[in-house]
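Before any comments, here is the structure.
If you read the sequence from its start, that first residue is 1, and numbering goes on from there.
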Amino acid sequence: MPEPLRDVIARHGLQASKALGQNFILDRQLLARIAAVPGPLEGTKVYEVGPGPGGLTRALLDTGAEVVAVERDRRCLPALAELDADFPGKLRIISGDALKVDERAEAGDGAHIVANLPYNVGTALLLSWLEGPWPPWWSSLTLMFQREVAERIVAKPGSEHYGRLSVAAQWRSSPRIAMQVHRSAFVPPPKVASAVVHIVPAAEPAGVRAEVLEQITAAAFGQRRKMMRSSLKSVAGALDALAALGIDIERRAETVSVEEFVALARALS
Ligand code: SAM
């Protein structure tokens, strides 16, 4: 049996730092359930952001995966080095900021990304993984978010959570909420509930430029209560394209489906 994480944290003096978004999960069963979300990982590569004291990292290594993990807090490195001794040759730690790492070069094509993300950088990292050439270099994303962010990622039109993040996540991937996680699962408990989101890349719709879609959703959801006749006035050609597609310009962005946004972006790409 591995040492309880509470003891690992105490032995290495890892008091949680708010500035680094540190809320640790200590329950090994819960960590094993999170590590199971991507499906069997034996023989695969996993890229983990923010291993902290290494609870999720151990659960991932237990599946038979090789793990490359990037951690900003140097205080965690000795605890992670101990893990290396239990899984020789299977773990590589990068000491640094995940926002600056050349992830693809470090983790390798086809890696599964798994992370209990620091909340302050979670959305920026997600957007960076959803952008760029498609299919992406990663095979799947399994990410812990504040529940409200998770709901925005999977939201459907008509929901109060539906917006730019929903379209960015859904136009060429299929995101789902894999697990709800109560705040009491974390030490210290955050103010809000969390959820694990699982994202698998799908085929890219033909003839759509990502930056055009982003420009449209930025304008449309920038004024989400307004009709598109008004919110999309600034996007050249958008109103004519909507008319040609038979999409009523008096509708508001929050009623427009991902497929309709994609059709509009295709017409303008
Ligand atoms: N994985 C551990 C767990 O599940 O208990 C810790 C999760 S904690 C929410 C987030 C971790 O990300 C912390 O260990 C924190 O130090 C680390 N972190 C914060 N900002 C980071 C960054 N920019 N790059 C890499 N790691 C970061």
Side-chain angles (χ1 to χ4, degrees), residues 25 29-52 54-71 87 90-94 98-99 101-119 121-147 149-156 164-181 194-205 208 210 213 258 262:
I25 300 181
Q29 279 185 6
L30 173 59
L31 290 163
R33 280 172 54 216
I34 297 170
V37 167
L41 289 174
E42 175 140 32
T44 68
K45 253 307 174 44
V46 170
Y47 178 68
E48 186 191 4
V49 177
L56 183 55
T57 319
R58 180 182 284 275
L60 291 165
L61 289 163
D62 278 338
T63 68
E66 265 181 55
V67 179
V68 176
V70 53
E71 174 55 61
F87 297 89
K90 296 284 188 187
L91 172 64
R92 191 156 58 83
I93 301 294
I94 301 166
L99 292 168
V101 167
D102 183 351
E103 307 158 321
R104 185 177 187 171
E106 296 287 359
D109 280 353
H112 295 269
I113 300 180
V114 181
N116 176 10
L117 288 171
Y119 288 140
V121 294
T123 315
L125 282 170
L126 173 66
L127 287 172
S128 75
W129 292 323
L130 292 174
E131 284 165 359
W134 214 258
W137 62 270
W138 45 268
S139 291
S140 72
L141 307 175
T142 299
L143 308 172
M144 180 85 71
F145 287 104
Q146 290 164 273
R147 186 155 78 198
V149 177
E151 279 169 0
R152 281 165 51 205
I153 293 167
V154 302
K156 298 294 173 202
R164 278 170 83 176
L165 194 56
S166 324
V167 180
Q170 293 172 36
W171 77 282
R172 50 184 183 176
S173 314
S174 30
R176 68 182 178 102
I177 292 185
M179 198 188 292
Q180 307 277 356
V181 185
S194 298
V196 175
V197 176
H198 184 224
I199 300 181
V200 176
E204 181 171 54
V208 179
L213 180 64
V258 173
V262 164

Would you be so kind as to tabulate the donor-acceptor pairs closer than 3.5 Å made by side chains of residues 131-142, with sequence neighbours excluded?
unit_1, atom_1, unit_2, atom_2, d
Trp134, NE1, Arg172, O, 3.3
Trp134, NE1, Ala202, O, 2.9
Trp138, NE1, Trp129, O, 3.0
Ser139, OG, Gly110, O, 2.7
Ser140, OG, His112, ND1, 2.8

Please assess Tyr47 against Val70 for the test side-chain contact (heavy atoms from CB on, under 4.5 Å), listing each intermediate value before the final yes or no. CA-CA 8 Å; Tyr47 178 68; Val70 53; 3.2 Å; yes
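- Atoms CZ and CG, from Arg58 and Leu91 in turn, are 10.5 Å apart once rounded to the nearest 0.5 Å.
- Using a 4.5 Å cut-off on side-chain heavy atoms (C-beta onward), Val196 and Met144 make contact.
- Two residues are said to be in side-chain contact when any heavy atoms from C-beta on lie closer than 4.5 Å; Phe145 and Val181 fail this criterion.
- Rounding to the nearest 0.5 Å gives a distance of 8.5 Å between CD1 of Ile153 and OG of Ser166.
- Residues Leu130 and Ala169 approach most closely at CD1-CA, 3.7 Å, considering heavy atoms.
- Scanning both residues, Ala195 and Ala150, for their nearest heavy atoms gives CB-CB, 3.8 Å.
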Is there a side-chain contact (heavy atoms from CB on, under 4.5 Å) between Val37 and Met179? Walk through the geometry before answering. CA-CA 9 Å; Val37 167; Met179 198 188 292; 3.8 Å; yes
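- Residue Ala69 comes nearest to Pro51 through the heavy atom pair CB-CG, 3.8 Å, listed as atom of the first residue, atom of the second, then distance.
- Side-chain contact between Leu56 and Glu48: present, with at least one pair of heavy atoms (C-beta onward) separated by less than 4.5 Å.
- Residues satisfying the salt bridge (Lys or Arg N to Asp or Glu O under 4.0 Å) test with Arg92, not counting sequence neighbours, are Glu106.
- How far CG of Asn116 is from CG of Leu31: 8.0 Å, rounded to the nearest 0.5 Å.
- Inter-residue side-chain proximity for Leu165 and Leu127 is flagged as met; some heavy-atom pair is nearer than 4.5 Å.
- A 4.5 Å side-chain heavy-atom check between Lys156 and Gln170 finds at least one atom pair inside the cut-off.
- In this structure a side-chain-to-backbone donor-acceptor pair under 3.5 Å is missing from Glu71 to Ala98.
- Here the closest heavy-atom approach between residue Leu41 and residue Ala35 is recorded as CD1-O, 3.6 Å.
- Using modelled atom types and a 3.5 Å distance limit, the side chains of Gln146 and Ser194 yield no donor-acceptor pair.
- Distance check: Ile34 CD1 to His198 NE2 gives 13.0 Å after rounding to the nearest 0.5 Å.
- The shortest non-hydrogen separation linking Pro205 to Val262 is CB-CG1, 3.8 Å.
- The shortest side-chain heavy-atom distance between Gln29 and Arg33 does not fall under the 4.5 Å cut-off.
- For the salt bridge (Lys or Arg N to Asp or Glu O under 4.0 Å) test, no residue two or more places apart in sequence or in another chain qualifies with Asp62.
- Thr123 OG1 to Leu117 CG: the interatomic distance, rounded to the nearest 0.5 Å, is 8.5 Å.
- Nearest approach of Pro38 to Val114, heavy atoms of both residues: CG-CG2, 4.1 Å.
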Check the pair Leu125 / Glu103 against side-chain contact (heavy atoms from CB on, under 4.5 Å), numbers first and verdict last. CA-CA 11 Å; Leu125 282 170; Glu103 307 158 321; 4.2 Å; yes
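- Side-chain contact check for Val68 versus Glu66: every heavy-atom pair is 4.5 Å or farther apart.
- Taking the side chain as every heavy atom from C-beta outward, Thr63 and Glu42 never approach each other to under 4.5 Å.
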